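All remarks here apply to the structure that follows.
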Amino acid sequence: MPTRQDLREHLVRTLIAGEVATPRQNNLLHYRRMAAGNPYYLFGLNLKGSWSFEEILSMMAERCGVDPDPAHFYGDDTIDPELTIAALEAMAERLAEAAELRSRVLIATGHPTGLLPVHLAIGRALSARGCQVLTPANGWSYEVETAQGPRDRHIRYIDGVAMLSGGGSLHHTHDAAPMEAMLADLAAKSGDWPDLAIADHGWAGAAGQAGITTVGFADCNDPALFAGEVEGKIAAVVPLDDNVLPHHYTPMTAYLLSRASLIA
């Protein structure tokens with residue numbers, strides 16, 4: 001089990017935090033698009049504030065650890081590993097509470113190429129403690145626009161973790177529509193409303209917007225979830241690079257589950 005210092009060094013060494021590979025220009029573009037109210041960058045959240053570009057940059061410097069200098073236009077950006085670890089510890093408190101109460105939980109990821117093993121491990125640990133991992137709207141489908149034209153996408157579960165699938169592949173998505181469909185399915189069934197959601201991207205945003213206690217992960221180019229945390233719609237957001245090699249997240253996952261008393 002990694003110590004806090006071991007984990008900090010690992011996060012920096014594997015570029016999960018510290019100097020990350022997410023380009024600064026991409027971060028600033030996403031901040032501007034969120035400020036303009038582009039739904040793709042709001043992740044299903046109906047934010048109360050007007051959130052100017054300057055406010056978003058300042059908030060991301062505080063919550064994520066990006067460079068606060070608005071004149072830094074190009075190159076790499078940063079995520080403060082201390083903020084990552086602190087947010088993991090806050091998430092662990094919510095997981096421990098869910099385990100103690102044997103809560104109903106939803107688990108979903110829009111980053112199956114990176115974060116899927118983290119979500120799978122959380123789901124298995126909570127299930128082992130008696131939590132009910134919900135799988136609503138399995139197979140629900142809709143049409144999305146891609147560079148190749150319209151394509152069908154549907155919700156697919158792997159060991160209780162919801163993802164977007166199509167054409168035999170699992171897909172990256174920011175979209176809130178799949179989580180909204182899951183919640184609509186649950187709303188039609190009495191007694192199955194979730195107590196906790198563990199997610200990212202639009203899966204997390206839509207859950208938080210619906211009033212569900214939500215914890216999740218977000219990269220430094222995903223400001224909406226951090227704004228949702230500021231406004232009290234998201235309980236905890238862990239800042240990290242959300243698409244490094246999956247095995248690099250193993251020590252982080254072990255630390256998280258250990259802090260939640262879900263593994264010895």
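Just so you know, these numbers come straight off a predicted model, no measurement behind them.
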Taking the side chain as every heavy atom from C-beta outward, state whether [X] and [Y] have any pair of such atoms under 4.5 Å apart.
X	Y	answer
T14	V244	no
F53	M34	no
L101	D195	no
Q209	K233	yes
L106	M182	yes
L170	L164	no
D219	L240	no
V133	I107	yes

Side-chain donor-acceptor contact under 3.5 Å, [X] with [Y]:
X	Y	answer
E180	W203	no
Y74	R24	no
N243	T113	yes
Y40	D175	no
H111	D200	no

- Query: Going through the distances and angles, do L186 and L134 end up as a side chain to side chain contact (heavy atoms under 4.5 Å, CB included)?
  - Reply: CA-CA 9 Å; L186 288 171; L134 304 174; 4.1 Å; yes
Near [X] [atom1], under 6.0 Å, is it more than 12 heavy atoms from other residues, nucleotides or ligands?
X	atom1	result
R94	CZ	no
E82	CD	yes
E19	CD	no

- Message: What I want to find out is whether R4 reaches E9 closely enough, with some N-O distance under 4.0 Å, to be called a salt bridge.
- Response: no
- Query: Would you call E229 and R63 a salt bridge, taking side-chain N to carboxylate O under 4.0 Å as the test?
  - Reply: yes
- Query: What's the verdict on side chain to side chain contact (heavy atoms under 4.5 Å, CB included) for E89 and L256, showing C-alpha distance, side-chain angles and the deciding distance?
  - Reply: CA-CA 7 Å; E89 292 168 352; L256 172 65; over 6 Å; no
Indicate, with yes or no, if [Y] and [X] share a hydrophobic cluster defined by side-chain heavy-atom contacts under 4.5 Å among Ile, Leu, Val, Met, Phe, Trp and Tyr.
X	Y	answer
V237	L42	yes
V144	F43	no
V161	M252	yes
Y142	Y157	yes
I16	M60	no

- Message: ring pair (Phe, Tyr, Trp, His ring centres under 6.0 Å) for H201 and F217? Distances and angles first, verdict last.
- Response: CA-CA 8 Å; H201 288 175; F217 304 93; over 10 Å; no
Would you check if the side chain of [X] reaches a backbone N or O of [Y] as a donor-acceptor pair within less than 3.5 Å?
X	Y	value
Y41	A35	no
R102	A99	no
S165	H154	no
H171	P112	no
T214	I212	yes
R104	W193	yes
E55	S52	yes
S127	G123	yes

- Query: Testing N27, N26, T22 for side-chain hydrogen bond (donor to acceptor under 3.5 Å, both in side chains) with N221, which one passes?
  - Reply: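 Exactly one pass, corresponding to N26.
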- Indicate the atoms forming the closest heavy-atom contact of G160 with T135, along with that distance.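 Shortest heavy-atom separation between G160 and T135 comes out as CA-CG2, 4.1 Å.
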- Specify the closest pair of heavy atoms between A206 and L183, including all atoms of both residues, with the distance to one decimal. O-CD1, 3.9 Å
- Stepwise side chain to side chain contact (heavy atoms under 4.5 Å, CB included) check, L11 with Y249: CA-CA 9 Å; L11 295 173; Y249 296 112; over 6 Å; no
- Report the residue from H30, Q25, R32 that forms a side chain to side chain contact (heavy atoms under 4.5 Å, CB included) with L28. R32
- Just do the side chain to side chain contact (heavy atoms under 4.5 Å, CB included) check on Q132 and V105 with the steps written out, would you? CA-CA 6 Å; Q132 181 184 1; V105 299; over 6 Å; no
